[in-house]
Trainee: 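Right, I'll just put the structure down here and ask away after.
Counting starts at 1 for both ligands and their atoms, in listed order.
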Amino acid sequence: MHDLSTLRKAVTEGDVPASVAAAQKALDDGVQPLDLISEGIGPAMAEVGKLFEEGEYFVPELLMAARATKEIFKILRPLLAQTGAKPMAHVVLGTVQGDLHDIGKNLVAAMLEGGGFEVTDLGVDVPPEEFVAAVKKKPVQIVGLSALLTTTMPAMKTTIEAFRAAGIREQVKIMVGGAPVTRTYAESIGADGYGETAAASVYLARRLTGT
Ligand code: B1M
């Protein structure tokens with residue numbers, strides 16, 4: 001496996017040009033886009049979160065690291081889409097109402113795309129009715145809900161209830177994830193699955209769709 005420590009360091013330090021250069025070099029050296037996400041960007045962003053919690057980093061550092069990942073995704077997106085295979089299933093993904101965290105959700109979206117799924121990303125602060133509307137618009141097999149705040153986790157439950165109220169709960173599998181979410185919580189709100197990491201969410205999506 002290619003040494004991705006230069007990439008991880010550049011992302012952790014929020015050095016955008018160095019991050020993009022390290023990502024491009026890794027790709028040129030034959031690293032697969034999915035490995036670059038799961039071994040490079042994912043661990044780097046987890047480290048950034050840890051440094052923030054320890055008081056070493058503040059909001060500007062977080063935002064620079066997030067920008068570095070966004071710039072890398074600009075290179076990765078076309079590569080992830082390039083497989084040419086028919087999408088295995090359609091996933092509608094979003095961060096639930098009241099929650100603006102999207103770094104983890106974006107990693108999940110990229111991993112799912114790379115894993116062969118079509119992804120519609122509704123963004124952040126998504127109200128339940130917007131998830132429901134997206135599923136009514138075109139065929140969707142999975143709905144993915146992300147939450148990073150203990151105060152917004154209940155919006156996952158509200159969103160699942162909105163699917164029930166609309167009479168379309170049985171049409172989709174609902175998976176949930178995010179740092180404060182646990183398997184037990186996922187089960188308690190009636191979700192179909194819990195993804196602990198972005199990589200795990202790809203296996204979960206495959207299991208839920210039988211692909
Ligand atoms: Co906020 N924040 N934040 N924050 N922030 C946390 C979550 C917090 C734990 C920090 C802390 O205080 N220790 C804390 C929550 C406490 C709690 O609820 N118990 C917190 C708080 C309090 C807040 C504010 C309220 C702060 C304030 O304003 N007073 C505010 C809330 C704003 C809002 O949402 N309404 C806020 C704001 C922000 C920023 C805007 C500055 C920024 C977000 C930028 C952005 O996302 N564009 C931010 C950040 C970056 C963090 C931390 C530092 C890092 C989160 C992150 O990106 N981690 C975070 C502390 C921490 O987590 N250590 C913190 C890296 C990312 C790769 O991991 O998102 O967990 P994660 O995703 C993982 C898995 O969880 C999983 O896959 C990912 C990759 O493996 N996963 C899924 C995620 N979603 C999934 C969905 C799936 C499956 C897997 O299926 C659908």
Trainee: Atom 29 (N) of ligand 1: protein heavy atom closer than 4.0 Å?
Mentor: no

Trainee: Test of understanding: given a 4.0 Å heavy-atom threshold, classify the contact between D125 and ligand 1 as side chain, backbone, both, or neither.
Mentor: neither

Trainee: Taking both backbone and side-chain atoms of A198, is any N or O found less than 3.5 Å from an N or O belonging to ligand 1?
Mentor: yes

Trainee: D121 side chain to N106 main-chain N or O, any donor-acceptor pair under 3.5 Å?
Mentor: no

Trainee: Is there a donor-acceptor contact under 3.5 Å from the side chain of Q97 to the main chain of D125?
Mentor: no

Trainee: Give me the residue, atom name and distance of the protein heavy atom closest to atom 55 (C) of ligand 1.
Mentor: L148 CD1, 4.2 Å

Trainee: How about atom 39 (C) of ligand 1: does it have a protein heavy atom within less than 4.0 Å?
Mentor: no

Trainee: Does the protein put a heavy atom under 4.0 Å from atom 8 (C) of ligand 1?
Mentor: no

Trainee: Report the nearest protein non-hydrogen atom to atom 17 (C) of ligand 1: residue, atom name, distance rounded to 0.1 Å.
Mentor: T150 OG1, 3.6 Å

Trainee: Is E161 salt-bridged to R164, cutoff N-O under 4.0 Å?
Mentor: no

Trainee: Any salt bridge linking K136 with E129? Criterion: basic side-chain nitrogen under 4.0 Å from a carboxylate oxygen.
Mentor: no

Trainee: Is E53 in polar range of ligand 1, meaning some N or O pair under 3.5 Å apart?
Mentor: yes

Trainee: Out of all atoms in ligand 1, which are within 4.0 Å of some heavy atom of M45? Include the element for each.
Mentor: 65 (C), 67 (C)

Trainee: For atom 81 (N) of ligand 1, grab the closest protein heavy atom and report residue, atom and distance to one decimal in Å.
Mentor: G178 N, 3.6 Å

Trainee: With distance as the sole test, does R8 use its side chain to make a donor-acceptor pair with the main-chain N or O of E39 at under 3.5 Å?
Mentor: yes

Trainee: side-chain contact (heavy atoms from CB on, under 4.5 Å), that's the test. Do S38 and M111 meet it? Break it down for me.
Mentor: CA-CA 8 Å; S38 63; M111 289 294 283; 4.0 Å; yes

Trainee: Please say whether S201 places an N or O atom under 3.5 Å from an N or O atom belonging to ligand 1.
Mentor: no

Trainee: Please check atom 87 (C) of ligand 1 for a protein heavy-atom neighbour under 4.0 Å.
Mentor: yes

Trainee: For the backbone of A18 and the side chain of D15, can you confirm whether one donor and one acceptor N or O come within less than 3.5 Å of each other?
Mentor: yes

Trainee: Assess whether side chain to side chain donor-acceptor pair (under 3.5 Å) is satisfied between H101 and S146, documenting all intermediate values.
Mentor: CA-CA 9 Å; H101 296 84; S146 180; over 6 Å; no

Trainee: Tell me: protein heavy atom nearest atom 54 (C) of ligand 1, and distance?
Mentor: G49 CA, 4.0 Å

Trainee: Hey, does the side chain of E61 reach the backbone of F58 with a donor-acceptor pair shorter than 3.5 angstrom?
Mentor: yes

Trainee: Decide yes or no on side-chain contact (heavy atoms from CB on, under 4.5 Å) for V140 and I142, but give the supporting numbers first.
Mentor: CA-CA 6 Å; V140 171; I142 298 183; 5.6 Å; no

Trainee: Is any side-chain N of the basic residue among E113 and R77 closer than 4.0 Å to the acidic one's carboxylate O?
Mentor: yes

Trainee: Indicate yes or no: at least one non-hydrogen side-chain atom of T69 is less than 4.5 angstrom from one of L107.
Mentor: no

Trainee: Any idea which part of T197 is under 4.0 Å from ligand 1, heavy-atom wise: side chain, backbone, both or neither?
Mentor: both

Trainee: Under a 4.0 angstrom heavy-atom cut-off, which atoms of ligand 1 come close to L107?
Mentor: 67 (C), 79 (C)

Trainee: Measure the distance from atom 74 (C) of ligand 1 to every protein heavy atom, then report the residue, atom name and distance (to 0.1 Å) of the closest one.
Mentor: E196 O, 3.5 Å

Trainee: Indicate yes or no: does an N/O atom of H101 lie under 3.5 Å from an N/O atom of ligand 1?
Mentor: yes

Trainee: For atom 75 (O) of ligand 1, tell me which residue out of P180, G104, A179 has the closest non-hydrogen atom.
Mentor: A179

Trainee: Which atoms of ligand 1 sit under 4.0 Å from any heavy atom of D99?
Mentor: 34 (O)

Trainee: Can you check whether a protein heavy atom sits less than 4.0 angstrom from atom 59 (C) of ligand 1?
Mentor: no

Trainee: Please determine if G98 has a nitrogen or oxygen closer than 3.5 Å to a nitrogen or oxygen of ligand 1.
Mentor: yes

Trainee: Less than 4.0 Å between atom 24 (C) of ligand 1 and some protein heavy atom, yes or no?
Mentor: no

Trainee: Given L149, D102, V92, which has its nearest heavy atom closest to atom 45 (C) of ligand 1?
Mentor: D102

Trainee: Just to verify, which of L148, T95, V96 counts as forming a side-chain contact (heavy atoms from CB on, under 4.5 Å) with V124?
Mentor: T95

Trainee: So which heavy atom in the protein is nearest atom 84 (N) of ligand 1, and how far is it from that ligand atom?
Mentor: S146 OG, 2.8 Å

Trainee: Under 3.5 Å between some N or O of ligand 1 and some N or O of K50?
Mentor: no

Trainee: Within the side chain of H90, is there an N or O that forms a donor-acceptor pair under 3.5 Å with the backbone of Q141?
Mentor: no

Trainee: To which protein heavy atom is atom 50 (C) of ligand 1 closest, and what is the distance rounded to 0.1 Å?
Mentor: L62 CD1, 3.6 Å

Trainee: Give the numbers and elements of all ligand 1 atoms closer than 4.0 Å to a heavy atom of G144.
Mentor: 91 (C)

Trainee: List ligand 1 atoms under 4.0 Å from G177, heavy atoms only on the residue side.
Mentor: 82 (C), 84 (N), 85 (C), 86 (C), 87 (C), 88 (C), 89 (C), 90 (O)

Trainee: In the complex you have, is atom 12 (O) of ligand 1 within reach of the protein, judged by whether a heavy-atom distance drops under 4.0 Å?
Mentor: no

Trainee: Test your reading of the structure: does A66 have an N or O sitting under 3.5 Å from an N or O of ligand 1?
Mentor: no

Trainee: Mark yes or no for whether Y185, through its side chain, and Y194, through its backbone, hold a donor-acceptor pair below 3.5 Å.
Mentor: no

Trainee: Using a strict threshold of under 4.0 Å (side-chain N to carboxylate O), is an ion pair present between D192 and R169?
Mentor: yes

Trainee: Please state which part of V181 comes within less than 4.0 Å of ligand 1, counting heavy atoms only: side chain, backbone, both or neither.
Mentor: neither

Trainee: For L100 and ligand 1, does the shortest N/O to N/O distance drop below 3.5 Å?
Mentor: yes

Trainee: Could you check whether any side-chain N or O of T152 sits under 3.5 Å from a backbone N or O of A155, counting only pairs where one atom can act as donor and the other as acceptor?
Mentor: no

Trainee: At what distance is the nearest protein heavy atom to atom 53 (C) of ligand 1, and which residue and atom is it?
Mentor: F52 CD2, 3.3 Å

Trainee: Indicate yes or no for a side-chain donor-acceptor contact from R206 to the backbone of G115 under 3.5 Å, with no hydrogens or angles considered.
Mentor: yes

Trainee: Applying a strict under-4.5 Å side-chain criterion to I, L, V, M, F, W and Y, I'd like to know whether L7 and I37 cluster together.
Mentor: yes

